[in-house]
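In what follows, a structure is listed as structure tokens, so that the remarks can point back to it.
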Amino acid sequence: MHFTTARIDIDLTRQSLSLLGADGQVLACYPVSTALNGPGEQDGSGCTPRGSHYIRASIGGGLPSGTVFRARRPTGEVFNPELALAHPGRDWILSRILWLCGLEWGKNRGPGVDTFRRFIYIHGTPDSEPMGVPLSHGCVRMRNTDVIDLFGRVGPGAAVTIR
């Protein structure tokens, strides 16, 4: 499959991410966790931005499941219970990062509302974190096995709709 033929649809109400083929057929569906603060586009809101986006960058290909990222770079650590105890309350970004960029000027792109500059990702999270419940700081969290699967099926340029 070409990266640009698949597209992603994220449903904030259902807390689900669907991977759609060029013909609109559902190829895969995954549970997710979006923002605890709900939908919204403002910088600093902690909300998940809505609208049309695309994957601007794919980070982490070939790294082990559970790889820990800080500032989009692998730390050399792999998530485990001891690491979690040593860093309570940390917002873990694990396994893979699909960095989103908004397409709608004034809504999710541009001053005060820019998805890319807000560092909004689709990324892995510890398996202890619930899916189907909004708990993130704005990103779209997924199970590590799911984000690795999705990462292998899409890439930069893939369309992402968040609604």
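Residue numbers start at 1 and run along the sequence shown. Note that this is a predicted model, so its numbers are computed, not measured.
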Begin with the C-alpha distance, continue with both residues' side-chain angles, and end with the deciding distance and a verdict on side chain to side chain contact (heavy atoms under 4.5 Å, CB included) for Arg117 and Asp43.
CA-CA 9 Å; Arg117 289 193 177 123; Asp43 287 350; 5.8 Å; no

Would you sort out whether Leu150 and Ile8 count as a side chain to side chain contact (heavy atoms under 4.5 Å, CB included), showing the intermediate values?
CA-CA 9 Å; Leu150 180 65; Ile8 294 170; 4.1 Å; yes

Would Val32 end up clustered with Val147 when hydrophobic side chains under 4.5 Å apart are linked, directly or stepwise?
yes

Locate the shortest heavy-atom distance separating Ser58 from Phe151; write the atom from each residue and the value.
CB-CE1, 3.6 Å

Side-chain heavy atoms under 4.5 angstrom apart, residues restricted to Ile, Leu, Val, Met, Phe, Trp, Tyr: same cluster for Ile97 and Leu63?
yes

Between Ile162 and Val133, is there shared hydrophobic-cluster membership here, with clusters defined by ILVMFWY side-chain heavy atoms closer than 4.5 Å?
no

Does atom CZ of Arg90 have more than 12 heavy-atom neighbours from other groups under 6.0 Å away?
yes

Using 0.5 Å steps for rounding, measure from the CG atom of Leu12 to the CZ atom of Arg14.
12.0 Å

What residue among Val140, Ile59, Ile93, Leu100 forms side-chain contact (heavy atoms from CB on, under 4.5 Å) with Tyr121?
Ile93

Quick one: closest heavy-atom pair of Ser65 and Val78, and the distance?
O-CG1, 3.6 Å

Donor-acceptor contact below 3.5 Å, side chain Thr115 vs main chain Asn108:
yes

Could you go through Ile122 and Leu17, starting from their C-alpha distance and side-chain angles, then the distance that decides it, and tell me whether this counts as side chain to side chain contact (heavy atoms under 4.5 Å, CB included)?
CA-CA 10 Å; Ile122 299 169; Leu17 183 153; 4.1 Å; yes

Salt bridge or not for Asp9 and Arg163, using N-O below 4.0 Å?
yes

I'd like to know if the side chain of Glu104 reaches the main chain of Ser52, judged simply by a donor and an acceptor atom lying under 3.5 Å from each other, with no hydrogens or angles considered.
yes

Worked verdict on Thr125 versus Met142 for side chain to side chain contact (heavy atoms under 4.5 Å, CB included):
CA-CA 6 Å; Thr125 197; Met142 296 181 74; over 6 Å; no

Under 4.5 Å between side-chain heavy atoms, hopping through other hydrophobics if needed: is there a path connecting Val154 to Leu94?
no

Going by ring-ring contact (aromatic ring centres under 6.0 Å, His included), name the pairs with one or both residues in residues 38-88, residues two or more places apart or in two chains.
Phe79-Trp92

Determine whether more than 12 heavy atoms belonging to other residues, nucleotides or ligands lie under 6.0 Å from atom CZ of Arg72.
yes

Quick check against the 3.5 Å criterion: does Ser45 have a side-chain atom that pairs as donor or acceptor with the backbone of Cys47?
yes

Is any side-chain heavy atom of Pro134 closer than 4.5 Å to one of Gln15?
yes

Salt bridge (Lys or Arg N to Asp or Glu O under 4.0 Å): pairs with one or both residues in residues 133-143, sequence neighbours excluded
Asp91-Arg141, Glu129-Arg141

Determine whether a donor-acceptor pair (N or O, by modelled atom type, separation under 3.5 Å) exists between the side chain of Glu41 and the backbone of Arg50.
yes

Between Leu135 and Pro130, what is the shortest heavy-atom contact and its length?
CD1-CG, 3.4 Å

How close do Gly138 and Ser136 get, heavy atom to heavy atom, and via which atoms?
N-OG, 3.0 Å

Is Leu27 reachable from Tyr30 through a run of I, L, V, M, F, W or Y residues, each pair having side-chain heavy atoms under 4.5 Å apart?
yes

Measuring from Thr34:OG1 to His137:NE2, what's the distance to the nearest 0.5 Å?
12.5 Å

If every non-hydrogen atom of Ala6 is compared with every non-hydrogen atom of Leu19, which pair is closest and at what distance?
CB-CD1, 3.8 Å

